[in-house]
**Q** 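Please see the structure below; I have some questions.
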Amino acid sequence: MEFTNFAEIKKGKHYSGLSVPQLLFGETSIMHKLVFNDSCRYNLNNEDQLDVNKLIGIGYLPSHHQKSCRSGWRYNVDKDKMEILAYWYNNGKRDFEHLCWVNIGETVTYLVKSTKDRHYLIVKTQSGVFTKILDFGHSFIGYKLKPYFGGNQKAPQDILILEEK
């Protein structure tokens, strides 16, 4: 298998670098095969360990804090695994839900799809397929959301997320 860098979040940063937002129109989907490597293990030693980091998703104008659907992740120190979550905003209300656990080094397929009336978040792992369906539609103009570390904490070390090609 061949891998490339999907996102590198530098120590002390939230984002994996500046980029021009990729606009999306109408019904759309985003899919990536991603791998968390050893650099994605972290221990904040406080309640912020439970904050949800963001991976991929779709946000809508005027702000993804009003309407969006994305996959989230956080490292569980006790299990030494990544917890994968559905993470969304609907009319400004944020929510998230556990989907599955994945191992460090495991290739996982993530799909975020929008239709007129729903959003689908599908995660395919070695142990199965996990789906969250959100019963809200989209505005016509959206944009691709990229990886983000935290809530309020910034990355405690350089974090590299790989993509299988």
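Residue numbers run from 1 in the order of the sequence given. Keep in mind that this is a model prediction, so the values were computed, not measured.
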**Q** Side chain of Gln157, backbone of Ser39: donor and acceptor closer than 3.5 Å?
**A**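 Yes.
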**Q** Answer yes or no: is there a donor N or O on one side and an acceptor on the other, between the side chain of Glu106 and the main chain of Gln126, under 3.5 Å?
**A**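 Confirmed, Glu106 side chain pairs with Gln126 backbone.
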**Q** To the nearest 0.5 Å, what is the distance between NZ on Lys11 and OH on Tyr42?
**A**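 It comes to 16.0 Å.
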**Q** Let's go through Asn5 and Leu162 carefully: what are the C-alpha distance in whole Å and the side-chain angles of both, what is the deciding distance for side chain to side chain contact (heavy atoms under 4.5 Å, CB included) to 0.1 Å, and is it a yes or a no?
**A** CA-CA 5 Å; Asn5 289 355; Leu162 302 174; 3.6 Å; yes
**Q** Between Asn53 (side chain only) and Trp73 (backbone N and O only), is there a donor and an acceptor less than 3.5 Å apart?
**A**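 Yes; at least one donor-acceptor contact below 3.5 Å.
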**Q** Mind checking the NZ-CD1 spacing from Lys144 to Ile56? Nearest 0.5 Å is all I need.
**A**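 If I round to the nearest 0.5 Å, the distance is 7.5 Å.
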**Q** Working to the nearest 0.5 Å, report the span between CZ of Phe36 and CG of Leu55.
**A**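 Here the rounded value is 5.0 Å.
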**Q** Please say yes or no: joined through hydrophobic side-chain contacts below 4.5 Å, possibly via intermediate residues, are Leu145 and Phe25 part of one cluster?
**A**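 Looking at the clustering, Phe25 is in the same group as Leu145.
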**Q** What about Phe6 and Ile159, same hydrophobic cluster or not, with Ile/Leu/Val/Met/Phe/Trp/Tyr joined at side-chain heavy-atom distances under 4.5 Å?
**A**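 Linked, Phe6 and Ile159 end up in one cluster.
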**Q** Taking Arg74 for the side chain and Leu50 for the main chain, is one N or O donor matched with an acceptor at less than 3.5 Å?
**A**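 Confirmed, Arg74 side chain pairs with Leu50 backbone.
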**Q** In terms of the angle between their ring planes, are His119 and Tyr60 parallel, tilted or perpendicular, with boundaries placed at 30° and 60°?
**A**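 Perpendicular, since the angle between the ring planes exceeds 60°.
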**Q** Quick one: closest heavy-atom pair of Val52 and Lys54, and the distance?
**A**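 Taking every non-hydrogen atom into account, O-NZ, 2.7 Å.
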**Q** Taking a hydrophobic cluster as the set of Ile, Leu, Val, Met, Phe, Trp and Tyr residues connected by side-chain heavy atoms closer than 4.5 Å, whether directly or through intermediates, do Ile30 and Tyr143 fall within one such cluster?
**A**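 Ile30 and Tyr143: separate clusters.
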**Q** Salt bridge between Glu8 and Lys10, side-chain N to carboxylate O under 4.0 Å?
**A**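 A salt bridge links Glu8 with Lys10.
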**Q** May I ask you to decide if the ring planes of Trp101 and His98 are parallel, tilted or perpendicular, using 30° and 60° as cut-offs?
**A**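 Plane angle between 30° and 60°, so tilted.
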**Q** So does Asp80 pair up with Arg41, basic N to acidic O under 4.0 Å?
**A**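 Between Arg41 and Asp80 there is a salt bridge, with a charged N closer than 4.0 Å to a carboxylate O.
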**Q** Roughly how far apart are Leu99 CG and Tyr110 OH, rounded to 0.5 Å?
**A**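 The CG atom of Leu99 sits 9.5 Å away from the OH atom of Tyr110.
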**Q** So Tyr148 and His14, would you call those rings parallel, tilted or perpendicular, with 30° and 60° as cut-offs?
**A**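 Taking His14 first and then Tyr148, their aromatic rings lie parallel (interplane angle under 30°).
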**Q** Taking all atoms of both residues into account, what is the closest heavy-atom pair of Ile9 and Ser16, and its distance?
**A**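 Scanning both residues, the minimum pair turns out to be CG1-CB, 3.9 Å.
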**Q** Measuring from atom CD of Glu2 to atom NZ of Lys165, what distance do you get when rounded to the nearest 0.5 angstrom?
**A**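 Result: 9.0 Å between the selected atoms.
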**Q** Is there a side chain to side chain contact (heavy atoms under 4.5 Å, CB included) between Leu134 and Lys132 once you walk through the steps?
**A** CA-CA 6 Å; Leu134 300 168; Lys132 176 66 180 174; 3.6 Å; yes
**Q** Please check if the side chain of Ser114 supplies one atom and the backbone of Thr28 the other of a donor-acceptor pair under 3.5 Å.
**A**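 Side chain of Ser114 to backbone of Thr28: a pair is present.
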**Q** Just to verify, which of Asn91, Asn90, Asp117 counts as forming a side-chain contact (heavy atoms from CB on, under 4.5 Å) with Phe136?
**A**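 Option passing the side-chain contact (heavy atoms from CB on, under 4.5 Å) with Phe136: Asn90.
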**Q** Please find the pair of heavy atoms, one from Ala155 and one from Phe149, that lie closest to each other, and give the distance.
**A**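 Closest pair (atom of Ala155, atom of Phe149, distance): N-CD2, 3.4 Å.
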**Q** Run Thr107 and Phe3 through side chain to side chain contact (heavy atoms under 4.5 Å, CB included) and show every step you take.
**A** CA-CA 10 Å; Thr107 299; Phe3 297 95; 4.0 Å; yes
**Q** Honestly, is Lys146 close enough over Tyr15, meaning NZ or CZ under 6.0 Å from the six-membered ring centre and within 45° of the axis?
**A**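 Judged by the rule (NZ or CZ under 6.0 Å from the ring centre, within 45° of its axis), Lys146 is not positioned above Tyr15.
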**Q** Is there a chain of hydrophobic side chains (I, L, V, M, F, W, Y, each step under 4.5 Å between heavy atoms) that links Leu111 to Phe130?
**A**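 Not linked; separate clusters.
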**Q** Any chance you could measure Ser71, atom OG, to Tyr87, atom OH, to the nearest 0.5 Å?
**A**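 Here the rounded value is 12.0 Å.
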**Q** So which atom in Gly57 and which in Val112 form the shortest heavy-atom distance, rounded to 0.1 Å?
**A**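 Closest approach of Gly57 to Val112, heavy atoms only: CA-CG2, 4.2 Å.
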**Q** Decide side chain to side chain contact (heavy atoms under 4.5 Å, CB included) for Thr125 and Val108; before the verdict, give the C-alpha distance in whole Å, the side-chain angles of both, and the deciding distance to 0.1 Å.
**A** CA-CA 5 Å; Thr125 71; Val108 179; 3.9 Å; yes
**Q** For Gln49 and Tyr75, indicate whether the former's side chain and the latter's backbone hold a donor-acceptor pair under 3.5 Å.
**A**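 Looks like yes, one N/O pair under 3.5 Å.
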**Q** Going only through I, L, V, M, F, W and Y residues with side-chain contacts under 4.5 Å, is there a path from Val123 to Ile161?
**A**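 The answer is yes; both residues are in one hydrophobic cluster.
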